A.B. asks: 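I have a structure I would like to understand better, so I am pasting it below and will then ask my questions one at a time.
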Amino acid sequence: MRPLYGPDFGSYRADDVAWLLKDLSGVRLEAPAEEREAAVQTGRAHYAESLPIEYQPGPEYRRLFQEALEASAERLAYATGLVTEQILAERGPGAVVVSLARAGTPVGILVRRWAGFAHGLDLPHYAVSIVRDRGIDTVALEYLAARHDPSAVMFVDGWTGKGAITRELTAALAGTGFPADLAVLADPGRCTPLHGTRDDFLIPSACLNSTVSGLVSRTVLNAGLIGPGDFHGAKFYAELADDDVSGLFLDAVCARFADVAERVAKDVPDLLASDRTPDWSGWEAVRSVAEEHGIDDLNMVKPGIGETTRVLLRRVPWKVLARADAGPELTHIKHLANERGVPVVDVDPDRFPYACMGLIHPGFGKGAVQ
């Protein structure tokens, strides 16, 4: 297998990322959310075997994305600087950035660009697939191990929810020689020491799907399409090029690097010296919410702005729990919830470490009447 590069696969520049994925662009994999939810909840299919239909936002939602990007670009640049400096402190100038496709890929590109901006480095950057309950793409790991020292690899993602992917990564990499460190822009789940912030703030790349992620789908692991020697798969939605804001997102954040560089340089030493030990408090908060709402599968509770957005874009949502003091960061969440007729319930900020949580509808399990 060989990597895929833009513009033949995805809209990112070829030097931004090498996708360690199999191109499934010609395969019909999309299904309505209700059908997918029923199949997943009844155990008839795994969520990674198919794809949700790509949400196409209307003019109002596009405006909300643009406003969110303008409001958060400097904060994102600052978080990018902090997390990249931590990566370089851990791995040195020979670091190899490996993002978890697809939410991690824009962040991996930002990390690569900060390293170039601040240090003149040209870090290799790959995107690989990891699937909950199925692990990381082992063919991709073999490809990386043949070309790089595994100890130089740093895995990168956009944000943490309750920490399920952090745990999946740790389990999947045991005995491989690859360190299980995960660096993220935001760690509201408090499950990794390598982060730009632990605030649950809006990362605008969470607002959309492929059109802010290089026009690439979520990754696919389907035994009918992925053989033993294949990378996990994904689709390139070239037909959505007119709506693509992937480059706009990157450029808006990179344009603020110079504005935050001095502050990053000043704050990094104290950050590196601080106690960043994970306490997994996010996981405990999810357990508490699940118990309170009669949910026995923690996968049905998606905490944080990024994960709640995914529930509203891809799954069958039941309700959204929102901190009463969350403010404008949840404007797009409320817009999507209103579009789908999903109630937004205010919760007490004192007992809720996230800005919001999205609950997947439990009515699609065994015995459910559809």
Side-chain angles (χ1 to χ4, degrees), residues 1 4 9-10 19-56 99-105 127-143 157-158 161-162 164-169 171-172 208-211 213-240 297-302 306-307 309-318 358-368 370:
M1 294 292 290
L4 302 171
F9 183 86
W19 300 93
L20 300 188
L21 296 171
K22 180 179 181 178
D23 188 355
L24 300 178
S25 300
V27 182
R28 182 168 178 79
L29 289 162
E30 293 77 11
E34 289 79 6
E35 287 183 19
R36 294 183 75 248
E37 201 65 59
V40 170
Q41 289 193 30
T42 57
R44 289 185 286 111
H46 189 274
Y47 78 91
E49 293 175 348
S50 63
L51 291 170
I53 296 171
E54 284 279 312
Y55 169 75
Q56 295 306 304
S99 58
L100 303 181
R102 72 184 163 186
T105 306
V128 305
S129 169
I130 187 169
V131 175
R132 195 189 71 237
D133 302 328
R134 302 286 176 87
I136 200 163
D137 185 342
T138 55
V139 176
L141 289 186
E142 290 170 4
Y143 180 93
D157 207 354
K162 56 183 170 284
I165 289 298
T166 312
R167 293 186 177 200
E168 190 78 43
L169 185 68
L208 298 168
N209 287 325
S210 67
T211 53
S213 302
L215 297 181
V216 174
S217 74
R218 190 186 49 67
T219 60
V220 174
L221 183 55
N222 184 317
L225 299 167
I226 308 299
D230 291 338
F231 296 138
H232 292 187
K235 296 182 72 166
F236 169 31
Y237 292 117
E239 67 274 16
L240 300 180
D297 181 358
L298 295 191
N299 290 326
M300 306 287 280
V301 180
K302 302 296 185 180
E307 294 302 303
T309 304
R310 285 176 165 180
V311 169
L312 291 165
L313 290 178
R314 304 183 195 171
R315 306 295 294 269
V316 179
W318 181 26
L359 307 186
I360 295 171
H361 203 295
F364 291 81
K366 295 181 177 65
Q370 299 303 315

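Worth saying up front: this structure is predicted, and the values here are computed from it rather than measured.
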A.B. asks: Tell me the closest heavy-atom pair linking Val311 and Pro317, and the distance in Å.
C.D. replies: CG1-CB, 3.7 Å
A.B. asks: Return yes if some donor-acceptor pair links the side-chain N/O of Arg102 with the main-chain N/O of Val216 below 3.5 Å, else return no.
C.D. replies: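 Confirmed, Arg102 side chain pairs with Val216 backbone.
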A.B. asks: Work out which heavy atom in Ile360 is nearest to a heavy atom in Lys302; give both atom names and the distance.
C.D. replies: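 For Ile360 and Lys302, the tightest heavy-atom pair comes out as CD1-CE, 3.9 Å.
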A.B. asks: Mind checking what makes side chain to side chain donor-acceptor pair (under 3.5 Å) contact with Thr166, not counting sequence neighbours?
C.D. replies: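 Applying side chain to side chain donor-acceptor pair (under 3.5 Å) to Thr166 gives none.
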A.B. asks: For Lys235, what residues pass the salt bridge (charged side-chain N to carboxylate O under 4.0 Å, His left out) criterion, not counting sequence neighbours?
C.D. replies: Glu30
A.B. asks: Should Asn209 and Leu313 count as side-chain neighbours, where that means a heavy-atom distance under 4.5 Å?
C.D. replies: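 Answer yes - side chains close enough.
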A.B. asks: What do the steps show when you test Leu24 against Leu29 for side chain to side chain contact (heavy atoms under 4.5 Å, CB included), and what is the final call?
C.D. replies: CA-CA 9 Å; Leu24 300 178; Leu29 289 162; 4.1 Å; yes
A.B. asks: Nearest 0.5 Å, please: how far is CD in Glu54 from CG in Leu208?
C.D. replies: 9.5 Å
A.B. asks: CG/Leu100 to OG1/Thr219 distance, rounded to the nearest 0.5 angstrom?
C.D. replies: 9.5 Å
A.B. asks: Heavy-atom distance under 4.5 Å between the side chains of Gln41 and Asp297, does that happen here?
C.D. replies: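 Heavy-atom side-chain distance check fails, nothing below 4.5 Å.
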A.B. asks: According to the interplanar angle, ranging from 0 to 90°, do the rings of Tyr143 and Phe231 count as parallel (below 30°), tilted (30 to 60°) or perpendicular (above 60°)?
C.D. replies: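 Ring orientation, 0 to 90° scale: perpendicular.
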A.B. asks: Return the CE to CZ distance between Met300 and Arg315, rounded to the nearest 0.5 Å.
C.D. replies: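 With rounding to 0.5 Å, CE (Met300) is 7.0 Å from CZ (Arg315).
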A.B. asks: Can you name the salt bridge (charged side-chain N to carboxylate O under 4.0 Å, His left out) partners of Glu168, sequence neighbours left out?
C.D. replies: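 Per chain and number, Glu168 pairs via salt bridge (charged side-chain N to carboxylate O under 4.0 Å, His left out) with no residue.
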A.B. asks: Between Trp19 and Ser213, which heavy-atom pair has the shortest distance, and what is it?
C.D. replies: CH2-O, 4.1 Å
A.B. asks: Once salt bridge (charged side-chain N to carboxylate O under 4.0 Å, His left out) is applied, do any residues pair with Arg36, and if so which ones, sequence neighbours excluded?
C.D. replies: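 For Arg36 there are no salt bridge (charged side-chain N to carboxylate O under 4.0 Å, His left out) partners, ignoring immediate neighbours.
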A.B. asks: List the residues meeting side chain to side chain donor-acceptor pair (under 3.5 Å) with Asp157, not counting sequence neighbours, and say none if there are none.
C.D. replies: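 Here no residue qualifies.
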A.B. asks: Looking at residues at least two apart in the chain, or sitting in another chain, which of them share a side chain to side chain donor-acceptor pair (under 3.5 Å) with Arg28?
C.D. replies: none
A.B. asks: Measure the CD1-CD1 distance between Ile165 and Ile130 for me, rounded to the nearest 0.5 Å.
C.D. replies: 5.0 Å
A.B. asks: Please give me the minimum heavy-atom distance between Thr105 and Ala127, naming the atom from each residue.
C.D. replies: OG1-CB, 3.7 Å
A.B. asks: Quick one: CZ on Arg167 to CZ on Arg132, what's the gap to the nearest 0.5 Å?
C.D. replies: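 Here the rounded value is 13.5 Å.
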A.B. asks: Scan residues 224-234 for pairs that pass side-chain hydrogen bond (donor to acceptor under 3.5 Å, both in side chains), counting only residues two or more places apart or in two chains.
C.D. replies: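 Every side-chain hydrogen bond (donor to acceptor under 3.5 Å, both in side chains) pair that includes a residue of residues 224-234, provided the two are not neighbours, is Lys22-Asp230, Ser129-His232.
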A.B. asks: Which pair of heavy atoms, one from Leu4 and one from Leu21, lies closest together, and at what distance?
C.D. replies: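 Minimum heavy-atom separation between Leu4 and Leu21: CD1-O, 3.1 Å.
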A.B. asks: According to the side-chain hydrogen bond (donor to acceptor under 3.5 Å, both in side chains) rule, which pairs have a member within residues 133-142, sequence neighbours left out?
C.D. replies: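 Qualifying pairs: none.
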A.B. asks: Could I get the full list of salt bridge (charged side-chain N to carboxylate O under 4.0 Å, His left out) partners for Arg310, not counting sequence neighbours?
C.D. replies: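 Checked Arg310 against salt bridge (charged side-chain N to carboxylate O under 4.0 Å, His left out); matches are Glu307.
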A.B. asks: Got a sec, which residues hit side chain to side chain contact (heavy atoms under 4.5 Å, CB included) with Ala48, two or more places apart in sequence or on another chain?
C.D. replies: His46, Val131, Arg218, Leu221
A.B. asks: Who are the side chain to side chain donor-acceptor pair (under 3.5 Å) partners of Asp23, not counting sequence neighbours?
C.D. replies: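 Only Ser25 meet the side chain to side chain donor-acceptor pair (under 3.5 Å) criterion with Asp23.
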